[in-house]
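Letters go in sequence order (proteins before strands), and every chain restarts at 1.
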Amino acid sequence: MKTKKNDFFDRVLEIVAQIPYGKVTTYGAIAEVCGVKSAARTVGWALNRASESGLPCHRVVNRFGALSGKVHFGSPTLMRDLLESEGIEFDDDDCVDMKKYFWEPS
DNA sequence: ACATTGACCTACA
DNA sequence: TTGTAGGCCAATG
């Protein structure tokens, strides 16, 4: 019974996979929905695997709406390009308008 | 097997 | 008010 072990990890992937088009979410939000808001770091790790799982990890940003993991996409401009391609606009600091594109996971 | 890092966030002093 | 410290899960050296 290999149950309950990757629960957290797995749950994060599920949520990220449910992010709608043209929307973005934050690590803290996912961690909070997972049950442990303090595990925001683990969410980032999950995303690392998510990129290999085919999940839209580029729609996940940090609390400031900045693309913290853009470097992990292979190209620092790839993540922003993808979000812009979805209709998402960026701020002067390369931050996404959270109050407009913030999607709350369920 | 142990210790450290890793795309973070929240809380307290 | 700003700054520092802690915490969570998993993977890697």
Side-chain angles (χ1 to χ4, degrees):
Chain A
M1 37 102 92
K2 69 255 265 46
T3 49
K4 296 52 215 256
K5 220 320 182 99
N6 307 14
D7 207 25
F8 222 68
F9 186 86
D10 217 4
R11 191 146 297 163
V12 174
L13 300 178
E14 285 289 306
I15 295 172
V16 175
Q18 285 149 48
I19 301 177
Y21 177 93
K23 287 272 163 98
V24 293
T25 185
T26 67
Y27 301 94
I30 298 172
E32 190 175 6
V33 173
C34 272
V36 185
K37 61 181 184 181
S38 313
R41 294 181 76 177
T42 320
V43 177
W45 259 119
L47 291 177
N48 213 338
R49 303 276 138 196
S51 68
E52 301 202 346
S53 297
L55 298 173
C57 40
H58 61 267
R59 289 181 191 153
V60 185
V61 295
N62 63 350
R63 205 42 199 105
F64 301 95
L67 294 65
S68 8
K70 64 180 176 194
V71 189
H72 290 268
F73 281 79
S75 289
T77 49
L78 177 63
M79 193 172 181
R80 174 159 168 188
D81 190 45
L82 288 168
L83 292 171
E84 282 186 332
S85 188
E86 296 192 353
I88 299 178
E89 298 174 41
F90 278 79
D91 233 330
D92 259 358
D93 290 314
D94 293 309
C95 296
V96 183
D97 203 336
M98 302 305 294
K99 59 180 163 63
K100 288 173 78 171
Y101 298 106
F102 175 70
W103 174 76
E104 184 181 11
S106 62

Grab the CG-P distance between A:Leu47 and C:dA11 for me, whole Å please. 14 Å
Determine all donor-acceptor pairs shorter than 3.5 Å in which one atom belongs to a side chain in residues 13-25 of chain A; sequence neighbours excluded.
from    : atom 1 : to       : atom 2 : distance (Å)
A:Gln18 : NE2    : A:Glu14  : O      : 2.5
A:Tyr21 : OH     : A:Ser85  : O      : 3.2
A:Thr25 : OG1    : A:Trp103 : O      : 3.3

Numerically ordered, the residues 92-106 of chain A set in heavy-atom contact under 4.0 Å with DNA chain B is none
Can you tell me the distance, in whole Å, between the CG atom of A:Leu13 and the C1' atom of C:dC9? 12 Å
Side chains of A:Thr26 and A:Met98, heavy atoms from C-beta outward: is any pair under 4.5 Å? yes
How long is the span from the OH atom in A:Tyr27 to the OG1 atom in A:Thr42, to the nearest 0.5 Å? 12.5 Å
Please work out which residues in residues 51-87 of chain A have a non-hydrogen atom less than 4.0 Å from an atom of DNA chain B and list them by number. A:Cys57, A:Asn62, A:Arg63, A:Ser68, A:Gly69, A:His72, A:Phe73
To the nearest 0.5 angstrom, please state how far the NE2 atom of A:His72 sits from the CG atom of A:Asn48. 6.5 Å
Decide yes or no for A:Val96 and A:Leu67: does some side-chain heavy atom of the first lie under 4.5 Å from some side-chain heavy atom of the second? yes
Rounded to whole Å, CG of A:Asn48 lies from C1' of B:dA7 at a distance of 7 Å
Could you tell me how far apart A:Arg41 (CZ) and B:dC9 (P) are, to the nearest whole angstrom? 11 Å
Take atom CZ of A:Arg11 and atom C1' of C:dC9, then tell me their distance rounded to the nearest Å. 14 Å
If every non-hydrogen atom of A:Leu78 is compared with every non-hydrogen atom of A:Phe73, which pair is closest and at what distance? CD2-O, 3.5 Å
Rounded to the nearest 0.5 angstrom, the CD-SG distance for A:Glu52 and A:Cys57 is 9.5 Å
Sequence neighbours left out, what passes salt bridge (Lys or Arg N to Asp or Glu O under 4.0 Å) with A:Asp81? Give chain and number order. none
Does C:dT12 have OP1 or OP2 sitting under 4.0 Å from an N or O in the side chain of A:Arg49? yes
Can you measure from SG (A:Cys95) to CD (A:Glu89) and round to the nearest 0.5 angstrom? 14.0 Å
Please list all pairs meeting salt bridge (Lys or Arg N to Asp or Glu O under 4.0 Å) that have one or both residues in residues 53-72 of chain A, counting only residues at least two apart or in different chains. A:Arg59-A:Glu86
Under a 3.5 Å distance rule, please check whether A:Asn62 uses its side chain to pair with a backbone N or O of A:Gly65 as donor and acceptor. yes
Contacting residues from residues 25-38 of chain A, given that a heavy atom lies under 4.0 angstrom of DNA chain C: A:Val36, A:Ser38
Candidates B:dA7, B:dC9, C:dC8 - which lies nearest the side chain of A:Ala40: B:dC9
